[in-house]
Structures are given as C-alpha cells and as structure tokens.
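Encoded as structure tokens, the structure appears first; notes follow it.
Here the structure is a predicted model, which is why all the values come from computation and not from measurement.
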Protein chains: 2
Amino acid sequence: MALRYALLGLLAKNEATGYELNQQFKETVVHFWMAHHTQIYRELLKMEEEGLATSTTIQQSDYPDKKIYKITDNGFQMLLEWMLNKPVTIPKLKDDLLLRVSMFHFLPAKQAISLLEKSKEHHQMGLMMTKKWREEHFPEGTYGQNELGEYLTSEFGVRYMESWLSWCDWAIEELKKKG
Amino acid sequence: MALRYALLGLLAKNEATGYELNQQFKETVVHFWMAHHTQIYRELLKMEEEGLATSTTIQQSDYPDKKIYKITDNGFQMLLEWMLNKPVTIPKLKDDLLLRVSMFHFLPAKQAISLLEKSKEHHQMGLMMTKKWREEHFPEGTYGQNELGEYLTSEFGVRYMESWLSWCDWAIEELKKKG
DNA sequence: TTCTACATGTAATGAGTTACATGATTAC
DNA sequence: GTAATCATGTAACTCATTACATGTAGAA
C-alpha cells in the first residue's frame, strides 16, 4: 500500500504522467523508496479505479500519447489519514551487501575488502549526486514551502551515505588487522 | 533469492531447525534482512528439494517433532559463489516513516514532530538492545572466528541507529524553526 | 549506427504478508 | 485464566521484479 501513498504525495504537489512520476522517483524518492515503472503504471490504474486520482489523455503527434494524473479530494484525504494514523514502526532494511558482510568469516580478507571497496564507490557516487542535487534545489539551505519534505529526506540521504562510508572504512581496517 | 543465502549463511555455521533460524533472524540478521517464519519454512523446503540442505526429523514426546537442517557441500559452494559474484549495487531502502517525512509540508509542524518523536523511541530502543547484545557477545571487542560477520554488521546497526537519531534531532529543530 | 529520451503497458514469476491451524507446557 | 514458548506448516493474497513489446526523434 505504501507505493500508493508515495504517488499520492507527488501528485498532491503537481499533476503528472506515470513517466514523470517515475523520473521523480529516481531523483528524490529513491532515498527511501524505490519502484519500477511497471509497478507505477499498474498502481496508477488502480488508484483511478478507486477514485483517488483522475486522468486525462493527451494526444501527441511527435511522441506517444500521454496520460496526466491529478489527485482527487478523496485521494488527498486518504493521504493525510495515512500519514497521521499509520502506526510508526522500525523500518526493515534489505541490504544484500550487508547480508554478505554477515558471512565474511567464510571469505579471505582480501576478497571481503574488495567487495567493500566496490560498495564504497557506489555510495560515494550516490553521495556526490545527492549533494549536487541539494545545491541546485536548495541554494544556501533555502527551500520552498512544498519542498520541506525533500529538504529533510535528502539531508537524511546525505547523512546515511556518509555514515555508510565511514562504517565501511572502519570495517576495512578491521579486516586488515585480521590479515 | 537472497533469503535463501541468508539461510545458507546461518546453516553454514550450525545445523538448525526452521524455528531456530527464525530466532536467529530476529536476534541478529534483523539489521539488514527480515523474514517471516512462514517464508523461512517455505524456503527451507525448496532448498532441500534442490539439494542445498538436508533434513532429519526428530521425534519428541513433550514438544512437537522438529526438523533439523544441515547445509550440503553443494549449498556451501553456491553460497560462496553468490557472495563473490553477485554484482554490488546500491541498496534499496523502503522506509515508510521517511516516506511520510517527504510529505511533511502537508502536515502541521506539531504533528510532524510527534511522528519523529515516536520513531526516535523505536530507534532508541533498538540501539539499546543492539548495544547490549554486542556487550554480551563481544566483551571488550573480542569475537570468535566465525563471528566476524556479526561483529561487523552489528556495528553497522549501532551506527545506523545513532545516525538516524541524530538526523531526527536535526529534523525536529528544523521543524521548530518553521513553527 | 547505436544510444537515449519520450511514453505506456502486459505477462510471468518471485518474494513477502496475513490469517488460520494445531496443541502441550510453563510462567505470571 | 492469560500469555508466552516450543514447532511446523497451508492458503490466500498482495507486492515487486524481469522480460518482453511498440514506435518516433534526435544526438553522439
């Protein structure tokens, strides 16, 4: 059910096509939720059936036709209800590199370190991109009133990746000690 | 497919029943993977069919019978293969509190803060438990040779929750500024 | 000429969740 | 008498992933 609310949250800011929603997911929502385009299109269809959004099809000559979705009052109400009343719990990570780390005693230190190095590269890349995105969107820490959420979550993203990288360096040191 | 490797990783250390594997999940693996017991039992059956593990049923009089699973050579080979050759990518978070944070511009600051406070409680609790677990299992930072993985991942858990809490405090301050 | 952006989807499969079922024992 | 621990599972359902499909335009 959570994908639905992620989509409602984006639509509450602006009407958009499935394609655009997918772009926005990749750009921002990715710090804490991830969805495939196939899943987004499917969910949008269901949301329309249930009266949470409406769509208008726009004919285009050069490009394929597109469908613009708008949130309904009903959809917005449902979003607020969910935000306030869904019980808060501890989130469930699913990280398959960490899963491998938990079995590092079965691997020679060298190969374990190499896995961590590769993962560091990805996180370094992600960190750079997120920082750049923040600088573009929130120059000098300023943000519009409907950007508060993204301001807070992108800061989370930065901190998360930084803490990941520093843990990684620590773990590499531990592995080197062991030989 | 990852649940399967999580189970193989645990079985590679000790033979165990589905019930025990579920306990171990709750205790340690929970930092980066989560599974329901129903899923664990289903996966174990499949793993046996595919020759990655074998089981022996033990009759008990006072308690229900139990099935002890052992990893096979085949299973262990497959585990190593996966650890080394599965491409390293950036993990996909799914955190539904952060999803709500990303929509905080739709909520009065007071209610937003209250959600963060609730989440802080959960993370504080988790942090305490993990620290306690670490003290019990690794007194003065010492660990057995087949505990390296858990030593590294539980440190990750601690850092993750600490960084979560500190971000949370920062976010609460931001929200207070806005009123 | 190959790749990327545009734009939307179906079908099949795999993974995860919830509800239900059984039934004794022990601790509060 | 209420709940937790031990121990295993089925069935129904929802959610997520991968592969496939279509077709144009413009940039490298």
Using whole Å, report how far [atom1] of [X] lies from [atom2] of [N].
X	N	atom1	atom2	result
B:Leu3	C:dT17	CG	P	11 Å
A:Ile68	C:dT8	CD1	P	9 Å
B:Asp65	D:dG9	CG	P	10 Å
B:Lys66	C:dA24	NZ	C1'	15 Å
B:Glu20	D:dG9	CD	P	13 Å
B:Lys46	C:dT13	NZ	P	13 Å
B:Met34	D:dC15	CE	P	16 Å
B:Ile40	C:dA15	CD1	C1'	13 Å

Residue-phosphate contact under 4.0 Å: [X] side-chain N/O, [N] OP1/OP2:
X	N	result
A:Gln39	D:dA16	yes
B:Lys94	C:dG16	no
A:His36	D:dA16	no
B:Tyr19	D:dT8	no
A:Tyr41	C:dT8	yes

Donor-acceptor pair, [X] side chain versus [Y] backbone, under 3.5 Å?
X	Y	value
B:Ser102	A:Glu150	no
A:His105	B:Gly149	yes
A:Arg100	B:Lys86	yes

Give the minimum heavy-atom separation between A:Ser163 and B:Arg159, together with the two atoms involved. OG-O, 4.5 Å
Nearest to the B:Tyr69 side chain among D:dG9, C:dA15, C:dG9, which nucleotide is it? D:dG9
Among D:dG9, C:dA15, C:dG9, the one nearest any side-chain atom of A:Lys67 is C:dG9
With B:Ser154, the side chain to side chain donor-acceptor pair (under 3.5 Å) member among B:Glu147, B:Lys131, B:Arg134: B:Arg134
Base of C:dT17 paired with side chain of B:Arg42 (donor-acceptor, under 3.5 Å): yes
Give one of base, sugar-phosphate or nothing for A:Thr17, where a contact means two heavy atoms less than 4.0 Å apart. sugar-phosphate
Sorted by position of nearest nucleotide on DNA chain D, 5' first, the leading residue of B:Lys92 and B:Gln23 is B:Gln23
